[in-house]
Amino acid sequence: MVEPWSAVPEWIAKAEGDWEAMEILLTRNTPGLRDAVVFHAQQCVEKLLKARLIQLGQTVDKIHDLAALSRQLEAVDGQWSWDGEELADLSSGAVLARYPGFETSSEEQAELVEFASNLRQALRILLGSEQQEE
């Protein structure tokens with residue numbers, strides 16, 4: 001049987017793939033891609049939260065709510081705490097952006113990418129993967 005924690009590197013790799021996709025989309029800097037930028041930023045953070053939970057032996061539900069995942073992590077990791085409002089904003093920005101009638105502004109994109117970048121850095125440190133940063 002494969003140990004659940006052995007999936008952690010794959011979760012991190014998937015998260016970093018989302019981050020790379022986001023960075024590529026950012027280089028285009030077009031209004032039509034802002035929604036996709038926010039989506040991939042949220043996906044990166046979601047996967048890193050799940051990787052940390054798995055690393056700590058927790059079961060991970062198939063949810064996309066970053067605030068809920070963060071609360072689950074906070075309950076088992078005394079090193080973890082994050083502003084729930086930032087997490088909710090990043091979650092809702094990624095979800096709303098997938099539907100007609102909502103467009104991410106350049107200001108919203110910049111703010112949400114900054115939130116995601118800070119979250120990514122903190123989670124990579126906890127996961128022990130910060131040394132892989134290029």
Side-chain angles (χ1 to χ4, degrees):
M1 181 174 131
V2 175
E3 294 296 327
W5 54 263
S6 67
V8 170
E10 189 173 356
W11 277 99
I12 293 170
K14 292 281 189 185
E16 291 306 308
D18 277 309
W19 193 258
E20 185 177 355
M22 183 209 69
E23 288 179 325
I24 290 167
L25 293 169
L26 275 172
T27 65
R28 297 285 305 275
N29 195 29
T30 61
L33 295 178
R34 289 185 196 131
D35 298 342
V37 165
V38 173
F39 175 77
H40 284 289
Q42 184 276 342
Q43 285 291 290
C44 174
V45 171
E46 177 185 327
K47 289 169 184 154
L48 291 175
L49 283 165
K50 289 178 177 180
R52 181 63 176 158
L53 285 163
I54 291 166
Q55 188 180 55
L56 296 173
Q58 300 300 299
T59 301
V60 176
D61 294 327
K62 291 185 179 183
I63 63 169
H64 309 289
D65 181 339
L66 298 181
L69 288 167
S70 181
R71 285 190 301 273
Q72 184 182 355
L73 181 55
E74 195 168 337
V76 296
D77 187 344
Q79 299 177 77
W80 180 255
S81 179
W82 207 270
D83 180 352
E85 191 172 318
E86 282 186 9
L87 294 160
D89 287 349
L90 185 55
S91 285
S92 65
V95 171
L96 292 174
R98 297 171 62 201
Y99 296 95
F102 180 85
E103 288 187 30
T104 305
S105 71
S106 60
E107 294 81 14
E108 289 169 321
Q109 175 190 271
E111 180 179 53
L112 295 173
V113 167
E114 182 179 350
F115 290 167
S117 179
N118 293 337
L119 281 156
R120 176 177 171 255
Q121 181 179 8
L123 287 162
R124 286 175 55 94
I125 289 168
L126 289 176
L127 286 159
S129 62
E130 75 283 354
Q131 68 275 9
Q132 296 171 6
E133 188 70 29
E134 294 178 12

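Note that the structure is a prediction, hence the values are computed from the model and not measured.
Linking ILVMFWY side-chain heavy atoms closer than 4.5 Å, directly or via other members, places V95 and L87 in two distinct hydrophobic clusters. Hydrophobic cluster membership is shared by V76 and I54, with clusters built from Ile, Leu, Val, Met, Phe, Trp and Tyr side chains linked at under 4.5 angstrom. Residues F39 and W19 do not share a hydrophobic cluster, defined by chaining ILVMFWY side chains whose heavy atoms lie under 4.5 Å apart.
Taking each heavy atom of V38 and A94 in turn, the nearest pair found is CG1-N, 3.7 Å. Closest approach of A67 to G84, counting heavy atoms only: CB-O, 4.3 Å. In plain terms, the two heavy atoms of K62 and K50 that are nearest each other are CA-NZ, 4.4 Å. Closest approach of I63 to A68, counting heavy atoms only: CD1-CB, 3.9 Å. Nearest approach of D83 to E85, heavy atoms of both residues: OD1-N, 2.8 Å. For the residue pair I12 and A51, the shortest heavy atom distance occurs at CG1-CB, 4.2 Å.
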Pair D77-L126, side-chain contact (heavy atoms from CB on, under 4.5 Å): steps then yes or no: CA-CA 10 Å; D77 187 344; L126 289 176; 3.9 Å; yes
Residues F115, V45; criterion side-chain contact (heavy atoms from CB on, under 4.5 Å); working and verdict: CA-CA 10 Å; F115 290 167; V45 171; over 6 Å; no
Evaluation steps, side-chain contact (heavy atoms from CB on, under 4.5 Å), between S106 and R34: CA-CA 7 Å; S106 60; R34 289 185 196 131; 3.8 Å; yes
side-chain contact (heavy atoms from CB on, under 4.5 Å) between L48 and L119, intermediate numbers included: CA-CA 9 Å; L48 291 175; L119 281 156; over 6 Å; no
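If you take CG on D18 and CD on E46, they are separated by 9.0 Å, rounding to the nearest 0.5 Å. Note that the CD atom of Q42 and the CG atom of D65 stand 9.0 Å from one another [nearest 0.5 Å]. Put simply, CD on Q43 and CG on L90 are 10.0 Å apart, with the number rounded to the nearest 0.5 Å. Between the CD atom in E23 and the SG atom in C44 there is a gap of 9.0 Å [rounded to 0.5 Å]. Atom CD of residue E20 and atom CG of residue L25 lie 11.0 Å apart, to the nearest 0.5 angstrom. Remark: L73 CG to L66 CG distance equals 12.0 Å, nearest 0.5 Å.
In this structure a side-chain-to-backbone donor-acceptor pair under 3.5 Å is present from S92 to A88.
At a threshold of 4.0 Å, the pair K47-E16 does not count as salt-bridged, since none of the basic side-chain nitrogens sits closer than that to a carboxylate oxygen. Of the charged side-chain nitrogens involved, none lies within less than 4.0 Å of a carboxylate oxygen, so that K14 and E10 do not count as a salt-bridged pair.
Annotation: side chain of L49 is in contact with side chain of W80 (closest heavy-atom distance under 4.5 Å). Residues Q72 and L53 meet the side-chain proximity criterion, which asks for heavy atoms closer than 4.5 Å. Using a 4.5 Å cut-off on side-chain heavy atoms (C-beta onward), Q109 and L26 make contact.
With hydrogens and angles left out, the side-chain atoms of R52 and Q55 include a donor and acceptor closer than 3.5 Å.
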